[in-house]
Amino acid sequence: MTELSLRSTEAIQAILRQAASCPSLSQESQDKAQQLLVSQEVPWQSLRDITQQLRKISPKADNLWLHEVCQGSQLVLCVPPKRERSKELQARLSRLQQQVDQALYNKMVAEVTQQERAAEALRSGSLQTYKQQISFGLHVIVMMGTFFAVGYIAGTALSPKLAVVYSFCSPEHRPIPLPVHG
């Protein structure tokens, strides 16, 4: 994990210059402060250690607070490394993306292709919806009734003197013509 760093500001530079020139600090702390003076980024841990040491050794640094030194500075955030995905995951994500794209496309062209789908359904002759099935059934019943009525009226108009009566008692079920007196 990377260390938290701050962008260098004038207040941070002043503290680092003071630490680099302070003979009471250890040589290691002075060298570290000198290195950080030329850097654009200052590690939080190093800045905290330097300010704590300055507060301990310098009587005029009693009012030196880290939050005041860091005021106006910005955090330096590093870009996390890009994760490598497994081939199975990439293939699955690709399939899912294709499904989403296809669904969006179908939704986008739904109104455009609605007439084409309706025409195709009529050409195929299938009754796809409940409404179409009921409509077709009623149509058949009305047509059969109409044709029966027309046939009956036409039959009685053409032969008013002769009526054909079926005898259901006869085993052969042959029509027996009966004369009509009238």
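The chain is numbered in sequence order, starting from 1.
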Measure the [atom1]-[atom2] distance between [X] and [Y] for me, rounded to the nearest 0.5 Å.
X: I15; Y: C70; atom1: CD1; atom2: SG; answer: 10.0 Å
X: I50; Y: L25; atom1: CD1; atom2: CG; answer: 8.0 Å
X: R17; Y: Q34; atom1: CZ; atom2: CD; answer: 10.5 Å
X: C22; Y: I57; atom1: SG; atom2: CD1; answer: 3.5 Å
X: K32; Y: L36; atom1: NZ; atom2: CG; answer: 5.5 Å

Connected-component partners of V38 among ILVMFWY, side-chain separation under 4.5 Å: none

Other cluster members, Y152 - Ile/Leu/Val/Met/Phe/Trp/Tyr, side-chain contacts below 4.5 Å: none

Set of side chain to side chain donor-acceptor pair (under 3.5 Å) partners for Q30, sequence neighbours left out: none

Go through the structure and list residues passing side chain to side chain contact (heavy atoms under 4.5 Å, CB included) with [X], not counting sequence neighbours.
X: E28; value: S26
X: D49; value: Q45, Q52
X: S39; value: E41

For P43 against S5, the heavy-atom pair lying closest together: CA-OG, 3.9 Å

Taking distance alone, no hydrogens or angles, what donor-acceptor pairs closer than 3.5 Å link side-chain atoms of residues 102-110 to residues at least two apart or in another chain?
residue: Q102; atom: NE2; partner: N106; partner atom: OD1; Å: 3.0
residue: N106; atom: ND2; partner: Q102; partner atom: O; Å: 3.4

Polar side chain donor-acceptor pair, D31 to Q27, under 3.5 angstrom: yes

Got a list of side-chain donor-acceptor pairs under 3.5 Å for residues 131-147, not counting sequence neighbours?
residue: Q132; atom: OE1; partner: Q128; partner atom: N; Å: 2.8
residue: Q132; atom: OE1; partner: T129; partner atom: N; Å: 3.3
residue: Q133; atom: NE2; partner: L127; partner atom: O; Å: 3.3
residue: T146; atom: OG1; partner: V142; partner atom: O; Å: 2.7

Any side-chain heavy-atom pair of I12 and T9 under 4.5 Å: yes

Can you give each donor-acceptor pair under 3.5 Å made by side-chain atoms of residues 72-96, sequence neighbours left out, with the distance rounded to 0.1 Å?
residue: S73; atom: OG; partner: R7; partner atom: N; Å: 3.3
residue: S73; atom: OG; partner: R7; partner atom: O; Å: 2.5
residue: S86; atom: OG; partner: L89; partner atom: N; Å: 3.2

